[in-house]
There are 2 protein chains.
Amino acid sequence: MAITLRASDRAYQRLRDEIVDWELPPGSALGEVEQSTRLGVSRTPIREALARLTADGLVAPQTGRGLVVTDISTDNIREMFEVRQALEMQAARLAALRGDPVVFAVLEREFLAVPALLDQDDPARHNYYGLVARFDDAVDDATANPYLVTALRSLRTHLVRVRRLAKDNPARLSAAAAEHLTIVQAILDRDADLAAHATHVHLHRAMRSALDSVETASPSILPSA
Amino acid sequence: MAITLRASDRAYQRLRDEIVDWELPPGSALGEVEQSTRLGVSRTPIREALARLTADGLVAPQTGRGLVVTDISTDNIREMFEVRQALEMQAARLAALRGDPVVFAVLEREFLAVPALLDQDDPARHNYYGLVARFDDAVDDATANPYLVTALRSLRTHLVRVRRLAKDNPARLSAAAAEHLTIVQAILDRDADLAAHATHVHLHRAMRSALDSVETASPSILPSA
DNA sequence: TAGCAACTTTCTGTATACACAGTGGGATTT
DNA sequence: AAATCCCACTGTGTATACAGAAAGTTGCTA
């Protein structure tokens, strides 16, 4: 049975989802009373939710009074990937040292099956993103490092926000699957250097793809400067 | 004029300092009413402070009801340094690429002066830690990467908590100054690889020193398991 | 005596009330 | 007509009241 989560948790998740999904675009002002009436709870849990969002960097204090949804520039995207590279290369190294072969053997088989999956229809895309999420979880788990996992989780929130802008095309998904497969196999071979370098390559391509996609598809959403 | 900070901010800083300084040792229960009477504010700002401490990982929900100060094992220390290595090597690389030569030239001169400083009395130690803090700030600033800075800041809280346990001896301080000097000079030379590798070396030695110091000086504070 | 159950107490989560500060608008004066 | 000052209002920060849940305690029963 799922623990009944608190109103503040629900408010946090709701607001975070709305920001990440760009329903609340950058610059949106978030007043406490406004949100409390909208979400049907009192100001107290809303305050707690907004405090967490501020800590996450999804929301920032405006000049003077009030909070606004933060914006994301292409420079921000590059900066995110600089951090992501550092953290995920280390995570891949640690997973190669400590990973459970059984878990990653299953993932290997799944990534091998992706090309067939991508020939199918749209639900396949959800399946693929679900697979990547399971891969991330497996790596997180394999690192056995709560500090690393915390840092990665925090960063991933922002990365998901970018991904919602920069829809991947099928060609990119196919290439990404091959890159993931290389990482998984390196982990299975306990080859830490290869796992790290394959992660580097993957992230380099992922960033290129994201930047290209964002710059062509939705330049209007990004800050004009 | 300094902005009058809110009661919740003061409560957060106070509690965080007490945890980092081991005045509130691991396992200490933090009740809301208890802390609100102790700090002389109402439960509302205390709740906000405790929520932030929980997000920081300094406090965690106990089984059932209540929050307790988290403990730190020697494994945790190794894990922190795994993350620190990833983040600070990347930061050193970026600082080498983007750093302001004037700033780092000043730091170089200061690190060169450390050996003379360490011959003096106890206040010298404060000066040295202040210098290291300025070095960290300079690197943070040079990376021009808010996500990296956020991740590093979060981690440093835990590292300071470890440092409070593991007092550095003068020999270690002297060696650390030399290591810092190497990093600064690599940044000045715009040699990203050298800056990263010198950081790696520095952190490896710092971790060894911390683990040795903790294991000999205060094994009682760490979890028995 | 041991185990279980009901009650009491205490603490958390939420709502609301209150005080204060900052901002915008309007009116008055030059 | 423009600028400045004052007032009102909106919104944040803090305190407190209230409800519900969980842990401890006490008493009863087997």
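Residue numbering restarts at 1 for every chain, and letters A, B, ... go by the order of the sequence lines. None of these values were measured; they are calculated from a predicted model.
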TODO: Using a 4.0 Å cut-off on protein heavy atoms (strictly under), produce a 5'-to-3' string for nucleotides 6-15 of chain C with B for base contact, S for backbone-only sugar-phosphate contact, and - for none.
DONE: ----BBBBBB
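Remark: P of dA22(D) and CD of Gln62(B) are 15 Å apart, rounded to the nearest angstrom. One can place CD1 of Ile46(A) at 15 Å from C1' of dT16(C), the figure rounded to the nearest angstrom.
In summary, Asp56(A) and Arg161(A) do not engage in a salt bridge, as defined by a charged side-chain N under 4.0 Å from a carboxylate O. Taking the charged nitrogens against the carboxylate oxygens, Asp137(A) and Arg134(A) have no contact shorter than 4.0 Å, which rules out a salt bridge.
The side-chain heavy atoms of Asp141(A) and Val103(A), taken from C-beta on, include no pair separated by under 4.5 Å.
Evaluation of the side chain to side chain donor-acceptor pair (under 3.5 Å) rule for Glu18(B) yields Arg14(B), Arg38(B) as partners, not counting sequence neighbours.
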Using residues 79-89 of chain B as the side-chain source, report each donor-acceptor pair under 3.5 Å to any protein atom, sequence neighbours left out, with the distance given to one decimal.
unit_1   : atom_1 : unit_2    : atom_2 : d
Glu79(B) : OE1    : Asn76(B)  : ND2    : 3.1
Glu82(B) : OE1    : Asn145(A) : ND2    : 2.8
Glu82(B) : OE2    : Arg98(A)  : NH2    : 2.4
Arg84(B) : NE     : Glu88(B)  : OE2    : 3.2

